[in-house]
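Notes to accompany the following structure.
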Amino acid sequence: MQLSEQEVVRRQNLQAIVDLGINPYPAAEFEVTAYANDINTNYQHDEEESKRNFQNIKVAGRVMTRRIMGKAMFLVIQDATGEVQIYIQRDAICPDENKDLYNTLCKKLLDRGDFIGIDGSVFMTKTGETTVKASVFTFLSKSLRPLPNPKTDEAGVVHDAFTDPELRYRQRYVDLVVNPEVRETFRKRTKMYSSMRQYLDAKGYLEVETPILQPLYGGAAARPFKTHHNTLDMTLYMRIANELYLKRLIVGGFEGVYEFSKDFRNEGMSRFHNPEFTQIELYVAYKDYEWMMNLVEEMLEKVAIDVAGTTKIQVGENIIDFKRPWKRYTMFEAIEHFTGIDVSEMDEDQLRATAKKLHVPVDPTMGKGKLIDELFGENCEAQLIQPTFITDYPVEMSPLAKKHRTKEGLVERFEAICNGKEILNSFSELNDPIDQRARFEEQLELGKRGDDEAMVLDEDFLRALEYGMPPTAGLGIGMDRIAMIMTNSSSIQDVLFFPQMKPEKTNAKVLELNEDEQLVFNLLTKENRMELATLKEQAGLSNKKWDKAIKGLTKAEIAKVEKNDDGLFVFINE
RNA sequence: GAUCUGGUAGCUCAGCUGGUAGAGCAUCUGACUUUUAAUCAGAGGGUCCCGGGUUCGAACCCCGGCCAGAUCACCA
């Protein structure tokens, strides 16, 4: 492994710490009693107060900056709550004759990125910085690689920020260390989850877990990941949704169940799609989609307030307001609103003509429902910025939704669109087992015609419905999409700790001669020492190949080039 | 999958018409007991993503590949 200069220095420092008799990776607990954020916000600089506030505390964290000033130094350490400045005086931590701890460990061997613990008391410097003055210095862990080093100037401009997206995603740990706003994004994401949990638990719904490895995948239209179980010798699929399992639980008698579920879809990736992503699905008995719309508004309004402190979220150029009530359109109304055309009474030919007129690309396999969906997708979706419900979808697109109570050809389904993207999907669940079987069979037909996302028929799920499922409202929310909005992130990768990436090139440089180097080496071993021009001629390589080969050999210290009065000679390095 | 853009020091980036590879920060040596983008004096550090080709000569031009981002396609 090729180490950079800085990595070599750090390994030397590590050994020097060991030589001092200090364990660079000690095992003992360091009992932290104070945290950066608490110190910075709550320390009272008052002669009287300071006698009580944050005296004789213990803090720990990662060294982020060092400013050495002879017999004293300032450090900034970072803990989970933020950064706090540390002031180390030589004679305060080395009261005896031996000043090694300061002169050697702190000044020479301590690097940015190391973990340390400080016993000390808080005071305020004359420049007004709340600071922990160290009385005891404890080394806690050595960092062997240099961290990126962003700096902020007086004007608040950040220099040398760690911004390369590839490095940030591949080494998220580094991203998290040096980019505080990234930590904040993921805190918000977690807050979203706890806010929803709180809301749903308060209603008495049961948080459950259902299988991720499934013998049949269902509940959505998507291509699955396929795997194999050795002992059972059977194909298993990673779930694409958990809908069918949660409905089985409604059949079983629970009246409200939800699950935060990692789902897996073997499809294209984009800034809105990662192969694994998270949905929350919720099913509540005796309810319908109208009721569910009200729940969604109420829950997401609360989530926004819990995460951002307000219902208004800045997302790119827009301010998105989750305050209730949200705008509602039927799909037909939305199309009419954005195109001025009423398609609600149109037959397939008329829809096709309309699509053509609006320059919406269509193909002959599209039926009535798909045409309506395309018209909506092309003309409306991107324009819906504020959270908006779109209701009453064509039945063809929704094989698990109940037929509309009054409108022929439609189902009781809604989606919410926000910032031009679908964020959630819900319907009055189809609980008529005979209708459900017929819908599955339509999907089978689509599958036979080559639709590789058509749903498969799940006999066990149908059996469950035949036992009887109460009328039920169901909901699925794309957690990643919501997280993108709540954190003003333009890519799904920014709200996933470890987004899917192709493997990085292995930089493992094997010390192995390539073909040309081997050729030159073989010629050289016969003579042990040759004139460079002769060797080059015998090798018969092009100038460039020769140059590469001889440079490769000398760099690996296999061969050496010597110049004397007789000319240039190459010999094998003993 | 298509198109565009990019890949140079630990990080962020320059690098002209093809002519000895640069800056700031970081690192190293020295000075400095309230600094904060600390400061001052000096020094070192490179597989220019990989492989071919053109050329006297390639970070730069050409061909092929790898990785990433953006846009599009796909994806309710």
Side-chain angles (χ1 to χ4, degrees), chain A residues 2-10 12-13 64-76 83 85-92 102 107-108 111-113 123-129 131 133 145-170 174 178 220-223 240-241 265-273 275 361 369-370 373-374 376-377 381 390 393-394 396-399 401 413 415 417 421-422 424-425 452-453 476 478 490-491 493 501-507 509 514 542-545 547-548 551-552 555:
Chain A
Q2 192 70 37
L3 294 181
S4 70
E5 180 198 17
Q6 294 189 52
E7 288 173 302
V8 170
V9 167
R10 283 173 179 236
Q12 288 166 352
N13 289 348
M64 298 307 285
T65 67
R66 295 193 305 153
R67 289 183 289 277
I68 299 173
M69 314 185 56
K71 297 182 183 65
M73 64 196 291
F74 288 92
L75 306 175
V76 172
E83 294 185 336
Q85 180 167 268
I86 308 291
Y87 179 58
I88 301 179
Q89 269 183 345
R90 185 191 67 182
D91 297 338
Y102 181 80
K107 271 177 81 172
K108 306 275 189 195
D111 289 304
R112 181 177 146 78
F123 74 111
M124 188 167 281
T125 65
K126 61 188 181 191
T127 53
E129 184 78 14
T131 302
K133 184 174 177 179
R145 284 178 187 259
L147 288 165
N149 190 14
K151 295 200 167 188
T152 309
D153 66 18
E154 298 129 352
V157 182
V158 177
H159 301 263
D160 301 333
F162 183 58
T163 51
D164 182 323
E166 181 169 2
L167 288 176
R168 286 184 50 228
Y169 299 147
R170 286 195 197 282
V174 174
V178 302
R223 275 171 292 172
I240 57 173
R265 296 188 184 176
N266 205 343
E267 291 173 343
M269 291 168 64
S270 75
R271 68 190 183 92
F272 292 103
H273 301 86
K370 185 68 182 164
D373 193 58
E374 285 293 318
F376 172 78
E381 197 167 285
I390 304 298
Y393 281 60
E396 293 91 330
M397 317 298 303
S398 316
R413 170 176 177 180
E415 290 189 358
I417 313 291
K421 275 277 164 186
E422 177 205 341
L424 59 89
N425 181 24
D452 55 5
E453 290 173 350
S490 57
S491 168
Q493 296 171 109
M501 304 277 274
K502 281 203 180 186
E504 53 188 319
K505 224 182 323 174
T506 49
N507 259 350
K509 173 95 174 170
N514 67 33
S542 71
N543 281 340
K544 184 161 201 161
K545 287 190 169 195
D547 192 58
K548 279 236 175 221
K551 276 182 176 160
K555 187 151 196 170

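All values derive from a computational prediction rather than experimental measurement.
When each of B:A76, B:C11, B:A37 is scored by its nearest atom to the side-chain atoms of A:Arg413, the top-ranked nucleotide is B:A76. With B:G69, B:A76, B:U33 as the choices, the nucleotide that has an atom nearest any side-chain atom of A:Pro399 turns out to be B:A76. Minimum atom distance to the side chain of A:Lys71 is reached by B:U33, of the listed B:U33, B:A68, B:C13.
For the pair A:Arg265 (side chain) and A:Ile240 (backbone), a donor-acceptor distance under 3.5 Å is present. For A:Arg112 (side chain) and A:Pro148 (main-chain N/O), a donor-acceptor pair under 3.5 Å exists by modelled atom type.
Using a 4.0 Å cut-off, no side-chain N or O of A:Arg168 falls inside it from OP1 or OP2 of B:G69. Proximity of A:Gln493 to the phosphate of B:A68: no side-chain N or O atom is located under 4.0 Å from OP1 or OP2. Taking side-chain N and O atoms only, A:Arg145 has no distance below 4.0 Å to OP1 or OP2 of B:G10. Between A:Lys151 and B:A38, a side-chain N or O to OP1/OP2 separation shorter than 4.0 Å is present. Contact check, A:Arg67 against B:A38: a side-chain N or O comes under 4.0 Å of OP1 or OP2.
In terms of polar N and O atoms assigned as donor or acceptor, the side chain of A:Gln85 comes within less than 3.5 Å of the base of B:U35 in a complementary pairing. Interface remark: the A:Gln6 side chain does form a donor-acceptor pair with the B:A26 base, using a distance-only criterion of under 3.5 Å. Judged by atom type and distance alone, A:Thr125 reaches the base of B:U35 through a side-chain donor-acceptor pair under 3.5 Å. On a pure distance criterion of 3.5 Å, a polar donor-acceptor pair joins the side chain of A:Asp160 and the base of B:G24.
Taking atom C1' on both nucleotides, B:U33 is separated from B:C28 by 24 Å, rounded to a whole Å. On the C1' atoms, B:C48 is 10 Å away from B:A9, given to the nearest whole Å. Rounded to whole Å, the separation between the P atoms of B:G44 and B:G64 comes to 42 Å. Distance noted for atom C1' between B:C60 and B:A21: 12 Å (whole Å). Taking atom P in both B:U29 and B:U34, the straight-line distance is 23 Å, to the nearest Å.
Mapping A:His159 and A:Tyr169 onto RNA chain B by nearest heavy atom places A:His159 at the nucleotide closer to the 5' end.
Using a 3.5 Å distance cut-off with no hydrogens or angles, the side chains of A:Ser491 and A:Gln493 do pair a donor with an acceptor.
Residue contacts for A:Asp164: at a heavy-atom cut-off of 4.0 Å it reaches the sugar-phosphate backbone alone, with no base atom in range. Residue contacts shown for A:Tyr393 are absent, as no nucleic acid heavy atom lies under 4.0 Å away. Looking at heavy-atom distances under 4.0 Å, A:Ala161 makes contact with sugar-phosphate atoms alone, never a base. Contacts of A:Lys126 with the nucleic acid, taken as non-hydrogen atoms under 4.0 Å apart, include base atoms.
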Using the 3.5 Å cut-off, write out each protein N or O paired with an N or O of nucleotides 28-31 of chain B and the distance between them.
unit_1 : atom_1 : unit_2   : atom_2 : d
B:G30  : OP2    : A:Lys108 : NZ     : 2.6

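The distance between atom CZ of A:Arg265 and atom P of B:A76, rounded to the nearest whole Å, is 8 Å.
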